[in-house]
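This report refers to the structure that appears directly beneath it.
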Amino acid sequence: MVSPSVKHHCGLFGVYGHPDAVHLTYLGLYAQQHRGQESAGICSRNDGPICRRAGMGLVTEVFNRRILEELRNPIAIGHVRYSTTGSCHDVNTQPLVVNYSRGQVAVAHNGNLINARLLRNEYEEHGAIFNTTSDTEVIVHLLAKPGHLDKDNDVPHVLSHLQGAYALLLLFGDRMIAARDPFGLRPLVLGRVAGGAIVVASETCALDIVDAEFVREVLPGEVVTITDGGLRSQWIVPEGTYRPAYCIFEQVYFANPASDVFGENVHRVRRAMGAQLAREAPVEADAVIPIPNCARCAALGYAQVSGIPYERGFTTSHYVGRSFIMPEQGQRDMVVKMKLSVIKDSVKDRRLIVVEDSVVRGTTTRGKIGALRKAGAKEIHLRVASPPIRHPCYFGIDFPTPEELIASRRSVEEIRNYLEVDSLHYLSLDGMLSCVKHPDRHYCTACFSGKYPMEVNHPVSKLGLERYQLKMFE
Ligand code: SF4
């Protein structure tokens with residue numbers, strides 16, 4: 001399980017042209033609750049002004065039947081959020097709605113804009129007023145800029161000013177837009193429900209919950225405009241300008257195993273990672289135990305290749321939220337304790353292979369290992385189904401600072417000592433990449449390899465809008 005110190009990012013869902021668009025959006029957000037649990041919001045429209053409801057909390061806490069009925073319209077976009085840029089506040093809930101000279105627009109964003117601070121500085125120097133501390137708000141200022149309004153390709157032109165990671169849904173008076181940054185760092189897919197209405201989602205698991213058929217991915221650098229007349233594609237940069245850099249951490253940890261992300265089923269990829277780990281780091285033992293929930297697929301793969309029985313070593317409470325999104329450390333620790341209980345009978349006097357998806361700070365993993373020891377485990381061999389995380393992410397995954405990443409300051413042997421396990425092995429970088437088989441897919445592995453798809457300058461964070469300043473490769 002990823003440390004509570006890793007914060008997630010966001011999930012998007014939109015529907016164009018369905019009488020129950022708002023209810024479908026509610027379901028689509030619910031299916032993607034794992035992507036963000038701090039706030040949820042829906043905007044909808046027909047011919048009149050945009051209706052909006054957003055608030056702090058889970059989808060089921062923010063919305064009820066009455067609110068959904070009030071929002072009822074045939075076009076809707078929704079957002080679940082964990083703040084990666086901008087503080088955890090009501091004011092930063094999304095979708096953002098603003099009025100500008102061409103009417104209204106609602107914006108929902110997944111990712112992190114690395115030049116947001118610079119753009120905001122520029123606008124503020126010219127007197128612009130910002131209502132939020134979120135990086136997303138610069139998009140609406142760019143949209144409202146007079147020079148951009150005149151352009152036929154206003155949205156692609158505006159998005160060409162952004163650097164970093166973004167999957168976006170925009171709702172205008174006459175169209176809905178789905179867009180993805182030229183590297184395709186965050187996932188975004190198109191689907192269709194019976195009757196022909198178009199659905200857009202971060203993950204395919206959200207299409208499944210509304211019985212939508214998968215149509216295709218929104219491609220890296222593509223802007224898809226959805227109107228009553230159908231779909232139209234435009235490009236932020238000429239096709240082929242950038243080599244895609246899909247976030248491998250979506251496959252390792254973030255996405256729902258039921259989803260197909262970047263063209264591959266997440267469960268299959270994770271199981272392959274566990275199988276590869278078994279080939280790279282075999283050890284004799286009595287049982288393979290996953291640290292739930294994300295390591296289950298990898299543990300299954302490890303067990304299948306090693307021939308060692310897969311066992312449940314923990315039970316999980318379904319009534320406690322995902323621990324890492326809790327903002328206070330004390331709350332997180334308590335939630336972790338409440339969530340997982342050791343099944344002593346699976347553990348006592350046994351040699352265990354414990355499979356983790358990733359280790360960030362190491363504190364949570366150490367706690368779990370301690371619980372297994374306390375329950376009487378004879379040997380514990382920790383196998384991590386991804387390489388050591390040594391570098392920060394600038395693209396929307398809020399890892400702790402490099403100093404707090406356990407693998408950035410300790411050797412594998414030092415980590416083994418700290419975690420108090422009998423042996424420790426991480427999946428190799430090549431081993432991990434061998435599990436994502438799509439021939440024309442390219443992944444960002446920067447948090448593991450330090451090789452960013454963009455040039456990285458040094459950390460700058462005066463406004464707290466972003467932690468780092470990056471310069472894109474031309
Ligand atoms: S640095 Fe890591 S978490 Fe961030 S986009 Fe790249 S692979 Fe994903």
Side-chain angles (χ1 to χ4, degrees), residues 10 12 14 43 50 77 79 81 84-86 91-186 188 218 220-226 232-238 241-242 394-396 454 460 463-466 468-472 474:
C10 306
L12 308 178
C43 284
I50 290 174
I77 64 172
H79 187 266
R81 176 171 197 264
T84 49
T85 301
V91 74
N92 289 327
T93 56
Q94 292 194 27
L96 294 178
V97 179
V98 294
N99 294 293
Y100 72 124
S101 58
R102 277 192 176 174
Q104 279 189 304
V105 60
V107 184
H109 170 211
N110 171 203
N112 194 44
L113 304 178
I114 56 182
N115 64 338
R117 178 175 164 271
L118 299 177
L119 292 169
R120 181 168 174 145
N121 275 352
E122 254 177 53
Y123 279 105
E124 287 185 326
E125 276 166 20
H126 289 88
I129 293 169
F130 283 74
N131 291 313
T132 74
T133 58
S134 150
D135 58 340
T136 309
E137 198 176 354
V138 297
I139 298 170
V140 295
H141 282 269
L142 284 165
L143 276 169
K145 194 173 174 182
H148 297 161
L149 290 172
D150 303 336
K151 296 189 179 352
D152 178 42
N153 64 340
D154 55 351
V155 173
H157 179 75
V158 159
L159 299 186
S160 72
H161 291 75
L162 304 179
Q163 297 173 351
Y166 54 89
L168 286 172
L169 280 176
L170 305 175
L171 179 60
F172 291 91
D174 58 350
R175 59 198 156 134
M176 184 166 103
I177 283 180
R180 226 170 137 199
D181 72 71
F183 290 99
L185 280 151
R186 301 280 150 241
L188 196 64
V218 175
E222 187 181 13
V223 176
V224 179
T225 302
I226 306 158
R232 180 170 74 119
S233 283
Q234 292 170 292
W235 299 92
I236 300 164
V237 290
T241 309
Y242 290 88
Y394 307 104
F395 310 123
M454 314 166 197
V460 181
L463 277 180
L465 273 172
E466 62 190 46
Y468 302 95
Q469 177 184 358
L470 288 88
K471 183 172 175 296
M472 303 277 276
E474 294 299 315

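Computation of the quantities below employed the complete heavy-atom set of this structure, encompassing side-chain atoms and omitting hydrogens, waters and symmetry-equivalent molecules.
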request  = Apply side chain to side chain contact (heavy atoms under 4.5 Å, CB included) to V98 and list each qualifying residue two or more places apart in sequence or on a separate chain.
outcome  = V105, V140
request  = Sequence neighbours left out, what passes ring-ring contact (aromatic ring centres under 6.0 Å, His included) with Y123? Give chain and number order.
outcome  = H141
key: Verdict with supporting geometry, Q163 and L118, side chain to side chain contact (heavy atoms under 4.5 Å, CB included)   = CA-CA 11 Å; Q163 297 173 351; L118 299 177; 5.8 Å; no
key: Results of side chain to side chain contact (heavy atoms under 4.5 Å, CB included) for N153 - residues two or more places apart only   = K151, P156, H157, Q234
request  = Sequence neighbours left out, what passes salt bridge (charged side-chain N to carboxylate O under 4.0 Å, His left out) with R232? Give chain and number order.
outcome  = none
ask   = Judged by atom type as modelled, is there a donor-acceptor pair below 3.5 Å linking the side chain of N92 to the main-chain atoms of T133?
value = yes
Set of residues satisfying side chain to side chain contact (heavy atoms under 4.5 Å, CB included) with respect to P220, sequence neighbours excluded = R180, P244, Y246
message = Any heavy-atom pair between the side chains of R175 and V155 that's under 4.5 Å?
response = yes
request  = State the CZ-CG distance between R186 and N110, to the nearest 0.5 angstrom.
outcome  = 6.5 Å
remark   = By side chain to side chain contact (heavy atoms under 4.5 Å, CB included), V138 pairs with (sequence neighbours left out) L113, A116, L119, R120, F130, L162
ask   = If every non-hydrogen atom of N131 is compared with every non-hydrogen atom of V91, which pair is closest and at what distance?
value = O-CG2, 3.1 Å
Name of the residue among N112, L159, D135, T136 meeting side-chain contact (heavy atoms from CB on, under 4.5 Å) with Y166 = L159
ask   = For the atom pair CD1 (I139) and OG (S134), what is the distance rounded to the nearest 0.5 Å?
value = 8.0 Å
key: For A165 against F395, the heavy-atom pair lying closest together   = CB-O, 3.4 Å
request  = Please answer whether the main-chain N or O of V97 pairs with a side-chain N or O of Q104 as donor and acceptor at a distance below 3.5 Å.
outcome  = no
request  = Spell out, as yes or no, whether a donor-acceptor pair under 3.5 Å connects the side chain of H79 to the backbone of H109.
outcome  = yes
